[in-house]
Amino acid sequence: MSSTESAKTPSQAEQTKQVEQTKQVEQTKQTMKDFKSDQEVRWCPGCGDYAILAAVQGFLPELGLARENIVFVSGIGCSSRFPYYMNTYGMHSIHGRAPAIATGLATSRRDLSVWVITGDGDALSIGGNHLIHALRRNVNLKILLFNNRIYGLTKGQYSPTSEIGKITKSTPMGSLDAPFNPVSLALGAEASFVARTIDSDRKHLTSVLREAAAHPGTALVEIYQNCNIFNDGAFEILKDRATADEALIRLEHGQPIRFGTDHSKGILRDPGSGDLRIVDVTPDNEADILIHNAHAPSPATAFALSRLADPTTLHHTPIGVLRNVDRLVYDTAMAEQLDAAIEHNGEGDLTTLLTGTDTWTVVG
Amino acid sequence: MASQVSSPDDQAIPGGQRKPGKEIRRLDRVIIRFAGDSGDGMQLTGDRFTSETASFGNDLSTLPNFPAEIRAPAGTLPGVSSFQLHFADHDILTPGDRPDVLVAMNPAALKANIEDLPHGAEVIINTDEFTKRAMAKVGYDANPLQDGSLSAYSVHEVPLTSLTVEALKEFALTRKEAERSKNMFALGLLSWMYHRPTDGTETFLRKKFTKKPQLAEANITAFRAGWNFGETTEDFATVYEVAPAAAAFTPGTYRNISGNLALAYGLITASQQSGLPLFLGSYPITPASDVLHELSKHKNFGVRTFQAEDEIAGIGAALGAAFGGSLAVTTTSGPGIALKSETIGLAVSLELPLLVVDIQRGGPSTGLPTKTEQADLLQAMYGRNGEAPVPVIAPSTPGDCFAAALEAARIALTWRTPVFLLSDGYLANGSEPWRIPEPAELPNLRVDFATKPNKKLEDGSEVFWPYLRDPATLARPWALPGTPGLEHRVGGIEKQDGTGNISYDPANHDLMVRTRQAKIDGITVPNITVDDPTGEATTLVLGWGSTYGPITAAVRRVRGGGGQIAQAHLRHINPFPANLEKALKAYEQVIIPEMNLGQLATLIRARYLVDARSYTQVTGLPFKAEQLAHALREAIDVVD
C-alpha cells in the first residue's frame, strides 16, 4: 500500500472502494444469471414466489451494484427461503426478526445494499413491532413483503391479512379478527416509501422495485403473491382481465387517478369531509379528478387511497407507489453523529479514556 | 485530579487548621452507610465520599442499595435509599457487613437500617425530620431519640436540615431549595470526621452546576458548613484517620471504577484491540442501562449504540452487525435474556461472534430490578431450544468487569460464537480502586477475515464454503459482505457440514450438533488456581462471579481463626477449566456459596459426580463475610 493510500480517511477509502466495485461491475456486466445461486428452488410448483424471484434477479443487474455488496435478509415462512436462491450475501434468520437484523447490518455497513424478504405472517404478526420501528427509523432497507393472506409454511392457517370469516384449519367456523391493510399500517408508521404491486405483473413489479431501490431510507413494497396451495386465487379479481379494470386502481405520480373500463371512473376529494370517493368521470368533474402525488409531504391522501380497497373483496385496490418522500435516514444520521463526535472531541484515545480525571499513583 | 497517596495532608482543609482539643484516632478500616429518602441524594453523597476516599488512596468497596421506584412515597420504609462504603488502610474485599457509622436523614432511614448496626456504632441523626407525623408514618409509637431504644449506640443528634437552611440564608433560595443541600452538609461533616480531601467535591459541584453557579456555591457552602460544624461542635470530640492502603496496591496509576463503567471500557478496549467497530444493540433495563449510557458517549471511538424497540431487536441488530464485521454486543438483564433466547440460538447456528451481557438481578419475572442475584446461570447455560452450547464467563469484582469483557471478546472472535458475560447488580453498581492497565498489557484481538475461496471442487473450480472449519479451533471462516467471490448464505436451518447448504440429512445433523458442542468444549481457558496456603485443607470453597469478595473475606476470617480451608474461584463456567475436576477431587469436601438455589453446584455435581454442598442466599444482597465464615467453619467442622 502506498503512503498516500494509507493516509486516506475511512470514508474516502469507502468511496474509492465503491468506485472500484462499480468499475468492476461495468467490466464484467452482471446478468440475471449472476444472481442465481446454485441451490434448487423448492417452492411449490405454481407459487407466486417464482415470479418475484425472477423479477428481482432480472432487475438487480441494472442497479450496477456488485453482487457482493448486496445482502438479502429474511425471516421465516415460504418467502423467507428467498435468500438461498440469490447469489449474493444472505441470511435466513428467525421468525419476524429480519428488519431488526437488517437494521444492525445496514447501520454498521452503509456500503451495502440491504434487502429484507418477509411475508404477511412474518412482518405483520410475529414481527409487527420490528416492521413499524424500521419504518419509523427510516433505515436504508428495502423491505419486500410477500402478502398471500395465508400461512403457507405451517400449512394453511389464517394470517393477519386474511379477510374476516376466513375458513382455515385453525378457524373452521371462520376467522374473527379484522385484517391489517399493510399499506395503511406502513403509512401510519411514518414510512417514507410505500408501494404495492402484484407478483404476476412483471413490468409493474419491476418498476416499483426500481423506484424502491433508488429511495434513500426504508422502502416497503407489498407484493400480492398467490399461494396456489392454501389460498389459490386470492388476488384473482385483480389479475383477471374481466374484473381487473374495475377492481384495480393504478397510481402514477402526477397523473389523474382513473380506472375502470375506458378509465370511466376516477377519484374525487369530497370537499366537505376531505375524504376520497369513487365517481364516474364526467366532463363536469374531469378537471377535479385527484392527481396522484407520491411526494406529498402529508401521508393523509395516501392513507385515504389505501382505504379505498375493500378488505374482503379487494375491490378498488390501489397499486403503485403511494408514498415516496425524503426524510432523515437513520444510518446516515448515525454516521454523521460519529463524524461530529470525532470533529468535536478528536479520535478516541484509549489511554485518556481509561485514565479519566481522578487518579492516584502508587509508587513501588 | 491526581494525588500521591504518600502525601494526603497536601489536601486543602476548608476549616483551616484543625482545632486543638479534638482527639485523633487511627483506624484500620471503617464502614459508613448513608441512608435517607430516595429524593435525599444519598447515592450522590455516597459517590462523592467514595471519590474523596479513592483519591486519598484507601482501598474501598461500595454497595449502593436503592428502591426500584424512582421516588417512592416520601418518608416511607420502601422509599429508603442507602449507600454503604467500606474503606481501609489495607486491601479489602467487600462493602462490609455491619456499618460502624450510620447517617440517617429521616425516621424511615433509621428504622430500615438500625438493625444492621453493631452495638457501639455511631449514628448521626437528622433530628429535624423526627416529627410526630414522620415517625408515625414508619410505625414509631415513641420517639426513638427519647425512649432509650438507641442506648446501645453512640448517637449524634444533628439538626441537619435547619443547620443547612441557616448556612444558606445569604442565598436567594426558598427554604425548600436550601433544604436540598442537606446531603452536602452531611457529606461535609463526614468528610471532616474522616479527614477526607475535599477539593474533588468542590470541583465536582462547580462542574455539575455550571449553568446554575448560585446552586454550586450554595452546595459548596453547605458542604463547608458541615465540615465546620464538626470542627466546632462539642458533640463530635473525635476525628478519625484511616491511612492510605499503599501496601494493598501493586504499583501503578489507579482510579475508582464501578462494574458497569469497567465493562463499558472493556468493550471499547476490545474494539480497539480487535480493530473492529463496536456495535451495541440494547433496550433499556435495570441494572444494565448504564452500559448503554456510557457507550453512547464514546462515538469518537467509532462506537455505534442502537436503542432498539425491544430486547429482541437489540440482539437482532447486534447479530446483523456481527454478520457485517462489527464487534457486536447486546446488554441486558435476566428478563431480557429470556426474550433474546431465540436469537442467541440463531447466533449459535450462524457461528458468528456476539457478546451477550447479562447484568443479573433478582428474579423470576420482574423480580427485584435494583437488587443483585446470580440466578441466570442455568438460563445462560441451557435456556435455548435444541443443543445450543454457549461459553459463559463471569467477572469477580467491579474492576474485573474490564478484563472479563476482553476475555469474552477473545472467545467470541476466536471461536466465532456468542458468549455470555454474567455480571450482576452488585458488581454493576459497586465500585473499587482499579489499576489502569498499560497499553502493552492489553491483549491482541486481531481477526483474520476470509478473503478468498477455501475449497477446490473436483472440477477444479474454487469456491467458498462458509462451514469449512479451522481444524484447530473448529471455528468457521468469517467472510464479510462486500468481499467478492465469497457470497454465501447462512441461516437457522440445519446446514450441511462444509458447504453450509440446507440439509435435513440425519447423519449430518448428528455431526453438526456434535461439532458445535465440540467447538465450545475445545475453547482454551486458563486453569483454575487453588489457594491453599498450608496444603492441609480438606475443604475447598468454590465460587463464581461476584461472590469472590465475600468468599475471600470469609476465607480470611476462617484462616485467621486457625481454620484450614482452600479456595478457588471460577471465571469460566463454560467450558470449565481443564484442571477443575482434579482440583475438586483433591478435597474431601467442596462447598459452593451462591446467590441462587445452587445452580453452579448442580453443574458441578452433574459434570464431575462430586458431592458438592451448596450454601445459598437469595436476599437480593451480597453475602456478608461473617455469615459466610460461620457457614464455612461449620462445614469444616463436619469433615474434621
Side-chain angles (χ1 to χ4, degrees), chain A residues 17 21 24 37 39 66-74 76 83-84 86-95 97 99-109 111-112 129-130 132-133 334 337-338 340-342 344-348 350-351 353-364, chain B residues 1-6 51 54-55 57 200 246 249-256 265 268-269 272 277 279 281 298-302 304 306 308-310 312-313 316-321 323-326 342-343 346 436-437 439 481-493 501-502:
Chain A
K17 194 177 163 200
Q21 280 159 353
Q24 181 206 342
S37 79
Q39 297 298 293
R67 66 181 179 206
E68 66 266 20
N69 290 332
I70 300 174
V71 185
F72 281 84
V73 181
S74 64
I76 292 290
Y84 287 117
M86 298 295 301
N87 193 10
T88 62
Y89 283 87
M91 186 194 294
H92 176 218
S93 76
I94 45 177
H95 209 6
R97 316 304 169 201
I101 291 168
T103 293
L105 181 60
T107 51
S108 58
R109 288 291 307 274
D111 55 324
L112 303 175
N129 201 29
H130 308 308
I132 57 173
H133 287 277
M334 186 187 269
Q337 283 197 344
L338 264 58
I342 290 172
H344 290 139
N345 309 321
E347 290 235 15
L350 196 57
T351 305
L353 174 77
L354 300 184
T355 304
T357 52
D358 280 309
T359 63
W360 69 98
T361 305
V362 175
V363 187
Chain B
M1 182 193 65
S3 67
Q4 296 278 329
V5 296
S6 50
S51 196
S55 69
F249 298 114
T250 52
T253 304
Y254 284 78
R255 62 177 289 168
N256 191 52
Y265 285 180
I268 293 173
T269 304
Q272 297 278 305
F279 185 98
H298 301 293
K299 293 181 170 48
N300 61 330
F301 284 85
R304 287 179 173 83
F306 173 69
E309 59 270 23
D310 59 27
I312 300 171
L319 185 59
F323 186 62
S326 287
E342 189 188 14
T343 311
L346 178 62
I436 299 158
T483 315
L486 306 191
E487 295 84 4
H488 66 280
R489 277 65 57 192
V490 293
I493 299 187
N501 294 329
I502 290 178

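A, B, ... follow the sequence lines: proteins, then strands. Residue 1 opens every chain.
In this structure, B:Leu346 and A:Ser93 approach most closely via the heavy-atom pair CD2-CB, 3.8 Å.
When atom types are taken as modelled, the side chain of A:Arg67 and the backbone of B:Pro484 share no donor-acceptor pair closer than 3.5 angstrom. Of the possible donor and acceptor atoms, none in the side chain of B:Asn300 sits under 3.5 Å from a partner among the backbone N and O of A:Ala341. Looking only at distances, no side-chain donor or acceptor of A:Arg97 sits under 3.5 Å from a matching main-chain atom of B:Gly316. A donor-acceptor pair under 3.5 Å is absent between the side-chain atoms of A:Tyr84 and the main chain of B:Asn501, judged by distance alone. Put simply, the side chain of A:Arg109 gets close to the backbone of B:Pro481: a donor and an acceptor are under 3.5 Å apart. In terms of modelled atom types and a separation under 3.5 Å, the side chain of B:Arg304 and the main chain of A:Gly104 share no donor-acceptor contact.
One distance of note links OG1 of B:Thr343 with CD1 of A:Ile94; it measures 3.5 Å at 0.5 Å rounding. To the nearest 0.5 Å, atoms NZ (B:Lys299) and CE (A:Met334) are separated by 7.0 Å. The CD1 atom of B:Ile436 sits 7.5 Å away from atom CG of A:Leu354, with the distance rounded to the nearest 0.5 Å. If you take OG1 on A:Thr359 and CG on B:Asn256, they are separated by 12.0 Å, rounding to the nearest 0.5 Å.
Contacts between B:Tyr254 and chain A at a heavy-atom distance below 4.5 Å involve backbone atoms as well as side-chain atoms. Heavy-atom distances place the backbone of B:Thr250, and not its side chain, under 4.5 Å from chain A. When heavy atoms are compared at a cutoff of 4.5 Å, B:His488 approaches chain A by way of both its backbone and its side chain. Within the 4.5 angstrom heavy-atom criterion, atoms from both the backbone and the side chain of B:Thr253 approach chain A.
Per-residue counts of heavy-atom pairs under 4.5 Å with chain B were compared for A:Thr103, A:Ile70, A:Leu350; the largest is that of A:Leu350. Most heavy-atom pairs under 4.5 Å with chain B, from the set A:Ile342, A:Asn345, A:Leu353: that is A:Leu353. Chosen from A:Met91, A:Gln39, A:His133, A:His130, the residue pairing most often with chain B at heavy-atom distances under 4.5 Å is A:His130. Your options are A:Val71, A:Ile76, A:Thr88, A:Val73, and the one with the most heavy-atom pairs under 4.5 Å with chain B is A:Thr88. Among B:Ala318, B:Pro439, B:Ala308, B:Ala321, the residue making the largest number of heavy-atom pairs under 4.5 Å with chain A is B:Ala321.
Take B:Glu342 and apply the salt bridge (Lys or Arg N to Asp or Glu O under 4.0 Å) test, not counting sequence neighbours, and it matches no residue. Under the rule for a side-chain hydrogen bond (donor to acceptor under 3.5 Å, both in side chains), A:Thr351 has no partner lying at least two apart in sequence or in another chain.
Defined by atom type and a distance below 3.5 Å, a donor-acceptor pair is present between the side-chain atoms of B:Asp310 and A:Asn129.
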